[in-house]
Amino acid sequence: DSGVTQTPKHLITATGQRVTLRCSPRSGDLSVYWYQQSLDQGLQFLIQYYNGEERAKGNILERFSAQQFPDLHSELNLSSLELGDSALYFCASSVADWGGQGCEQYFGPGTRLTVT
Amino acid sequence: AQKITQTQPGMFVQEKEAVTLDCTYDTSDPSYGLFWYKQPSSGEMIFLIYQGSYDQQNATEGRYSLNFQKARKSANLVISASQLGDSAMYFCATKETSGSRLTFGEGTQLTVNP
């Protein structure tokens, strides 16, 4: 158990819908990262927050947004869902967001999203 | 941009033997980190081991060791005394020291045979 929690574990929804994925980082971790894992794209970085502020953006679609709240939990919002958004969405956390000690990212169990 | 190459889509090993999973990387950053993660069939991503580019010694964590050859830009994972529970997908990843994102390779599916 990494200490990172994600809910829900599975989500099945229809095209055009909107969903919210939730993540709670490990106790003491200030950085939260979101990744998408799909068969055709592999593991892709989406976005990172550090202590409530957006720190880095990756291949995140405009239909997707995220935020980190004062209690450090984070939510990833996916809207106008398409079939191609079906994937495993991971949240990860780390103590630091720079290199060296503490930069390793611990992943949650993931949310498997299926868009039908 | 950073790139990770894992050339072995699948590997097989006998229980109790050692196995090496290959990883080469490409980065222009002078300072970076290298990571290995394990993904069992259940789907979770498990952090295994980390190596900093300026670390003098190869990292070890229990049965896992990282064979870091900076000049060759390789960071191979060695698993000693393989166990049936080691059967999983293994991902190599890199991160620039000043950055945030992990860049992953395509993974190697390891199967441990009894």
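Within every chain, numbering begins at 1; the chains are lettered A, B, ... in the order of the sequence lines, protein sequences first and strands thereafter. The model shown is predicted, which means the values in this text are computed figures rather than measured ones.
Contact of A/Leu43 with chain B is made through backbone and side chain together, with heavy-atom distances under 4.5 Å. In this structure, the portion of B/Phe91 lying under 4.5 Å from any heavy atom of chain A is its side chain and not its backbone. For B/Gln39, the part lying near chain A is the side chain, with the backbone staying farther off; criterion is any non-hydrogen pair under 4.5 Å. Looking at A/Lys9, there are no atoms closer than 4.5 Å to chain B (heavy atoms on both sides), in backbone or side chain. Of the atoms belonging to B/Tyr54, not a single heavy atom falls under 4.5 Å from chain A.
A/Ser94 and A/Asp29 are not linked by any side-chain donor-acceptor pair at a separation below 3.5 angstrom, with hydrogens and angles left out of the test. Looking only at atom types and distance, the side chain of A/Tyr89 has a donor-acceptor partner in the side chain of A/Gln36 under 3.5 Å away.
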Q. For A/Phe107 and A/Tyr35, what are the C-alpha separation, side-chain angles and deciding distance, and is it a ring-ring contact (aromatic ring centres under 6.0 Å, His included)?
A. CA-CA 9 Å; A/Phe107 282 67; A/Tyr35 291 86; 5.3 Å; yes
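Of all the listed residues (A/Gln6, A/Gln44, A/Gln37), the one sharing the greatest number of non-hydrogen pairs under 4.5 Å with chain B is A/Gln37.
Atom OG1 of B/Thr108 and atom CE of B/Met89 lie 8.0 Å apart (nearest 0.5 Å).
Contact of the A/Glu104 side chain with the B/Ile49 side chain is not registered, since no non-hydrogen atoms from C-beta on lie closer than 4.5 Å.
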